[in-house]
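A short write-up of the structure that comes next.
Treat the numbers as computed from the prediction; the structure is a model and nothing was measured.
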Amino acid sequence: MSTQGKAFEEQYKGEPAVWLQWGSYEAAVLPGVGANLIAFRDTSKGYHILREPAEQEMEAFKANPGVHGIPVLFPPNRYEDGTFDFGGKTYTFPINEPKTGNHLHGFAHTAVWTVEDYGVNKTESYVSLKLSVDEKHPIFEFLPHAFTLRLRYALNDTGLLQHISVHNEGQDAMPCMVAFHTAVNAPFAPNSTPEDCSFTMTIGKRWEMSERMLPTGRFLPLSEGEQAIQTTGVPTYWEAMDNHYTAEPRNGRNQMVLTDAREQVALVYDAGTAFKQWMVWNNNATKGFFCPEPQLNLVNAPNVDLPADEIGLVSLEPGGIWENSSRFYLRSVK
């Protein structure tokens, strides 16, 4: 067993958690709150990469765990009138965003997950969690399929690795729609300011959104600032963002890079090329955190009349597995 790694159960601000440690890195995941990876830190530098709830915010966080840590969205984002057709079935979700009349963010981020395993080996500390749905599970009412989501986090010398898979264990094809509402601190270093932070992202085209925050199927021209996101970067809070883009991998990777000019360090969030879309939300340009959200599918994808491959609408066949790996790491920009 490695002497530099640990994996153990210990509470996080009153909530049961599995903690991982490796070198100066540590992370914590909350099985009872959607398998949310609520903390990723570099303890030697005092970095808190992800937005964490304060002690007094824990109850509010557990009631609505969408803007801290890394919530798992399944299915992600909005669905018009809470309904869509897929594979000859009509799916009906609760309308939980009254102002738009839509369903928002699915069921996985509030569900209780099961810890399958955690431990340490020669190269990493890790935890594996699952959410298994069958006819006895409350999610089955809305997604009438037998399936299992699996999520694995690992810490090693290079940072944090995330692996997610969807296993269709039923007899019918199922819609596979998944995302992460990742909440990143900007700044993540204790002595830096929001003004020290800028980011780039491998965005492609910007989707036009209706007043109900649903894509029209058309694209908007990119502004100068959005073009800079693709190249040199923009200040993290340059303007209010609640924008939806296609993902356009560059140099073989699909990533967001957050640079701290004071620390001369960059946080790389390499989401993986399976994610075909990005959402970017910065809480109306409120300084503190923002959410670069990799999405497999376009918002409201089953209700959009565009080719499935273009909008990331995956039909997962019986016995099929969809999976993707993402990574967080730090690199010097000196």
Side-chain angles (χ1 to χ4, degrees), residues 29-38 64-80 82-84 86-87 89 91-97 102-116 128-135 137-153 162-170 172-183 244 247 271-272 274-279 281 291-303 308 311-317 320-326:
V29 67
L30 306 178
V33 192
N36 190 312
L37 190 95
I38 197 60
N64 184 23
V67 290
H68 295 85
I70 308 181
V72 186
L73 306 184
F74 189 89
N77 219 286
R78 294 175 175 88
Y79 297 87
E80 185 176 4
T83 188
F84 60 85
F86 181 91
K89 291 183 181 179
Y91 296 76
T92 304
F93 299 162
I95 293 173
N96 58 3
E97 192 180 46
N102 300 320
H103 173 81
L104 180 67
H105 288 340
F107 311 100
H109 68 302
T110 55
V112 175
W113 291 53
T114 301
V115 178
E116 285 193 294
S128 179
L129 309 102
K130 72 174 182 178
L131 174 62
S132 289
V133 173
D134 59 20
E135 64 275 2
H137 197 285
I139 290 176
F140 191 86
E141 176 186 350
F142 308 110
L143 282 168
H145 298 276
F147 66 94
T148 296
L149 303 183
R150 282 190 169 86
L151 191 56
R152 187 180 190 273
Y153 284 105
Q162 175 200 66
H163 184 266
I164 187 167
S165 62
V166 186
H167 300 234
N168 183 354
E169 294 154 346
D172 304 309
M174 66 176 285
C176 178
M177 299 186 288
V178 64
F180 293 98
H181 204 293
T182 308
H244 197 20
F275 288 111
K276 304 298 185 186
Q277 316 289 328
W278 283 103
M279 285 292 302
W281 181 72
C291 295
E293 307 167 34
Q295 283 191 194
L296 175 56
N297 58 289
L298 178 68
V299 172
N300 198 37
N303 293 318
I311 59 176
L313 180 56
V314 171
S315 177
L316 193 58
E317 67 279 4
I321 300 172
W322 176 90
E323 61 187 337
N324 182 71
S325 293
S326 302

Legend entry - Derivation of the side-chain contact (heavy atoms from CB on, under 4.5 Å) call for His105 and Asn77: CA-CA 4 Å; His105 288 340; Asn77 219 286; 4.2 Å; yes
Inset, instruction - Please report the C-alpha distance between Phe180 and Val72 in whole Å, then the side-chain angles of each, then the deciding distance to 0.1 Å, and finally whether the side-chain contact (heavy atoms from CB on, under 4.5 Å) criterion is met. - result: CA-CA 5 Å; Phe180 293 98; Val72 186; 3.8 Å; yes
Legend entry - Test side-chain contact (heavy atoms from CB on, under 4.5 Å) applied to Leu131 and Phe107, step by step: CA-CA 11 Å; Leu131 174 62; Phe107 311 100; over 6 Å; no
Legend entry - Intermediate values then yes/no, side-chain contact (heavy atoms from CB on, under 4.5 Å), Gln277 and Val299: CA-CA 9 Å; Gln277 316 289 328; Val299 172; over 6 Å; no
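Taking every heavy atom of both residues into account, Ile139 and Ala111 meet most closely at CD1-CB, 4.2 Å. When all heavy atoms of Ala173 and Ser315 are compared, the closest pair comes out as CB-OG, 3.6 Å. In terms of heavy-atom proximity, Tyr153 sits nearest to Ala35 at CE1-O, 4.3 Å. Contact between Cys176 and Leu296 at its shortest, heavy atoms only, is O-CD2, 3.4 Å. Considering every non-hydrogen atom in both Phe142 and Thr92, the closest pair reads CD2-O, 3.3 Å. Taking both residues in full, the closest heavy atoms of Pro294 and Thr182 are given as CD-OG1, 4.3 Å, listed atom of the first, atom of the second, then distance.
When side chains are defined from C-beta on, Asn297 does not count as touching Lys276, because their heavy atoms never get closer than 4.5 Å. Residues Val178 and Phe275 meet the side-chain proximity criterion, which asks for heavy atoms closer than 4.5 Å. Looking at Pro302 and Met177, their side chains come closer than 4.5 Å, going by heavy atoms from C-beta outward. The shortest distance between side-chain heavy atoms of Gln162 and Ile70 falls below 4.5 Å. Under the 4.5 Å side-chain criterion, counting only non-hydrogen atoms from C-beta, Val29 is not in contact with Trp113.
In this view, Asp172 and Lys89 satisfy the salt bridge (charged side-chain N to carboxylate O under 4.0 Å, His left out) rule, not counting sequence neighbours. Qualifying side chain to side chain contact (heavy atoms under 4.5 Å, CB included) partners for Thr110, counting only residues two or more places apart in sequence or in other chains: Pro65. For His244, the side-chain hydrogen bond (donor to acceptor under 3.5 Å, both in side chains) criterion is met by no residue, not counting sequence neighbours. Take Glu97 and apply the salt bridge (charged side-chain N to carboxylate O under 4.0 Å, His left out) test, not counting sequence neighbours, and it matches Arg78. Taking the ring-ring contact (aromatic ring centres under 6.0 Å, His included) definition, one finds that Tyr79 meets it with Phe84, sequence neighbours left out. Under the side chain to side chain contact (heavy atoms under 4.5 Å, CB included) criterion, Asn96 pairs with His103, Leu104, sequence neighbours left out. Applying the ring-ring contact (aromatic ring centres under 6.0 Å, His included) test to Phe140 and every residue at least two apart in sequence or in another chain returns nothing. Under the side chain to side chain contact (heavy atoms under 4.5 Å, CB included) criterion, Ala183 pairs with Arg51, Phe289, Cys291, sequence neighbours left out. Residues passing the side chain to side chain contact (heavy atoms under 4.5 Å, CB included) test with Ile321 are Ser165, His167, sequence neighbours excluded. Scanning for side-chain hydrogen bond (donor to acceptor under 3.5 Å, both in side chains) contacts around Asn102 gives Thr100, Arg212, with sequence neighbours left out.
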Expected list for residues 143-150: side-chain donor-acceptor pairs under 3.5 angstrom, two or more places apart:
unit_1	atom_1	unit_2	atom_2	d
His145	NE2	Tyr91	OH	2.7
Thr148	OG1	Ser132	OG	2.9
Thr148	OG1	Glu169	OE1	3.0
Thr148	OG1	Glu169	OE2	3.0
Arg150	NE	Glu116	OE1	3.1
Arg150	NE	Glu116	OE2	3.4
Arg150	NH2	Glu116	OE2	3.4

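Rounding to the nearest 0.5 Å places NE2 of His163 at 7.5 Å from CG of Asn324.
Aromatic rings from His181 and His109 are positioned such that their centres are separated by 6.0 Å or more.
In this structure, Asn36 contributes its side chain and His68 its backbone to a donor-acceptor pair below 3.5 Å. Without hydrogens or angle criteria, Asn300 side chain to Glu80 main chain gives a donor-acceptor distance under 3.5 Å.
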